[in-house]
Amino acid sequence: MATIKDIAKLAGVSISTASRALNDNPRISEATRTKVKQIAAELGYSPNYNAQTLTRGEANMVGLVFPVTDQSALANPFHIDLMRGAGVALEQRHYTMMVAIAETEERLLETVKSMVTQSKVHNFLLLYTKEKDPVTDYLRDAGMNFVVIGHPEKQGDCFVDNDNIQAGFLATQKLLDDHHCQHVAFVTSPHHWTFEVDRQLGCRQCLNERGLGGTEWVVEEDNAPQFFAQHPEIDGLVCADDILFLQIYRQLEALGRQDQLAIICFNNSRLLDLVPAQVAGVEDAQAGVAAINAAGELSIGIGPASDLKEAAARFDRTDQVSLAKLKERLS
């Protein structure tokens, strides 16, 4: 069976150069990469990843860490899209994924620690950001490579983010211009995730520019009757994401308000097919990861909920990417 030493010898390069060439390291010239790959193909070379793990002391794996969620909560399609993109990108580098999901911060932290100490996973993608996150603190202190989706808690952390403030602004603008709403509520979860806070900030900025006030609806189980009893004037909703839209739709239907409100939401997931509303939406960016170069997806659905036929607005997006460390390690 051919080895990396055989390939390096025939190519006239060092073993490390041959290895980097096979992994498409940009520091190796295209001519050398082509030559090494051709020799590898002719020899029928297949990398021994177990041996690589033993040599480097780390596995050819990337840990995907989900935010803490209740077991009964709907899976966020945005996370699934990120996983799909990550899987495609990691396959090209002969890496696999290991997933960490838990219902409490304590259990999630223990799972991540086990991945590091027992499974030798040293590269992670966190599908969330939050202040004083014990998982992020642990990975940072342990010297692991990680990328977060959203605002980094500390300067120097690798991250990928959308301009969610601009997204919230433009979503609200669309609602006001096309549906002439005067009393808009921003719909958010009790978690107040960073992306929700940013989108709500953009919503408020747009409302302030128009001289309009705004209201917050923190969605909890069956609290729609109480909310609309306190705010009967509401004629438009900006949902932080489409999971929240699904949570409130049946409540709106029970109140007979699904036809009285203009609604806009983000992500444009297939779950929207579960409701009888016709939701229009567009994708603004491919969601996924390229070693791991994750790009956020931003798309929307437009209300009123029972008659959503118009084309959706496309949001401009500002991606902020700082992934040099992780790219270096995966090369």
Side-chain angles (χ1 to χ4, degrees), residues 1-65 82-100 112-127 136 138-149 156-160 286-295 319 321-331:
M1 180 180 295
T3 67
I4 190 70
K5 291 182 180 180
D6 299 327
I7 297 172
K9 183 177 180 180
L10 289 173
V13 298
S14 67
I15 294 175
S16 61
T17 297
S19 177
R20 291 191 178 98
L22 289 172
N23 285 286
D24 282 322
N25 190 309
R27 290 177 293 179
I28 307 302
S29 69
E30 184 175 352
T32 300
R33 280 183 279 168
T34 301
K35 179 180 180 180
V36 169
K37 288 180 181 180
Q38 183 177 351
I39 293 173
E42 292 173 353
L43 295 178
Y45 171 73
S46 179
N48 187 335
Y49 298 115
N50 290 330
Q52 291 180 7
T53 297
L54 291 173
T55 300
R56 300 197 318 268
E58 67 177 71
N60 277 49
M61 292 183 180
V62 169
L64 265 66
V65 185
L82 285 175
M83 286 184 65
R84 184 181 295 111
V88 170
L90 292 173
E91 182 182 10
Q92 297 172 358
R93 295 173 177 267
H94 308 293
Y95 272 67
T96 58
M97 290 185 292
M98 181 177 286
V99 176
V112 171
K113 286 183 176 180
S114 177
M115 293 166 71
V116 172
T117 58
Q118 298 182 27
S119 301
K120 305 300 181 184
V121 178
H122 291 181
N123 302 287
F124 289 85
L125 171 62
L126 280 65
L127 306 184
T136 308
Y138 166 74
L139 293 175
R140 191 184 297 111
D141 293 341
M144 298 295 105
N145 291 311
F146 65 92
V147 176
V148 298
I149 304 299
D157 288 350
C158 297
F159 70 100
V160 175
Q286 293 181 348
V289 183
I292 293 175
N293 185 10
D319 280 345
V321 185
S322 175
L323 302 176
K325 292 182 182 178
L326 189 54
K327 287 181 178 178
E328 179 85 12
R329 289 296 296 273
L330 295 184
S331 297

Between [atom1] of [X] and [atom2] of [Y], what distance do you get to the nearest 0.5 Å?
X    : Y    : atom1 : atom2 : answer
F159 : I149 : CZ    : CD1   : 10.5 Å
M83  : L125 : CE    : CG    : 10.0 Å
K9   : I39  : NZ    : CD1   : 12.5 Å
M61  : S119 : CE    : OG    : 6.5 Å
D157 : T136 : CG    : OG1   : 7.0 Å
T17  : I28  : OG1   : CD1   : 4.5 Å

Discussion item. Using a 3.5 Å distance criterion without hydrogens, assess whether the side chain of S19 forms a donor-acceptor pair with backbone atoms of I15.
Written reply: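 No: the side chain of S19 does not pair with the backbone of I15.
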
Fill in: Taking every non-hydrogen atom, the tightest pair across M115 and F124
CE-CE2, 3.8 Å

Item to complete: Please name the pair of heavy atoms, one in L90 and one in M97, separated by the smallest distance, quoted to 0.1 Å.
Response: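 Minimum heavy-atom separation between L90 and M97: CD1-CG, 3.5 Å.
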
Could I get the full list of side-chain contact (heavy atoms from CB on, under 4.5 Å) partners for [X], not counting sequence neighbours?
X    : result
L22  : I4, I7, V36, K37, A40, Y45
S114 : Q118
T3   : K5, D6
K113 : L109, E110, Y138

Item to complete: For S16, enumerate each residue passing the side chain to side chain donor-acceptor pair (under 3.5 Å) test, keeping only those at least two apart in sequence or located in another chain.
Response: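 S16: side chain to side chain donor-acceptor pair (under 3.5 Å) contacts with S14.
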
Item to complete: Could you tell me which residues satisfy salt bridge (charged side-chain N to carboxylate O under 4.0 Å, His left out) with K35, sequence neighbours excluded, listed by chain and number?
Response: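 For K35, no residue satisfies salt bridge (charged side-chain N to carboxylate O under 4.0 Å, His left out) once neighbours in sequence are set aside.
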
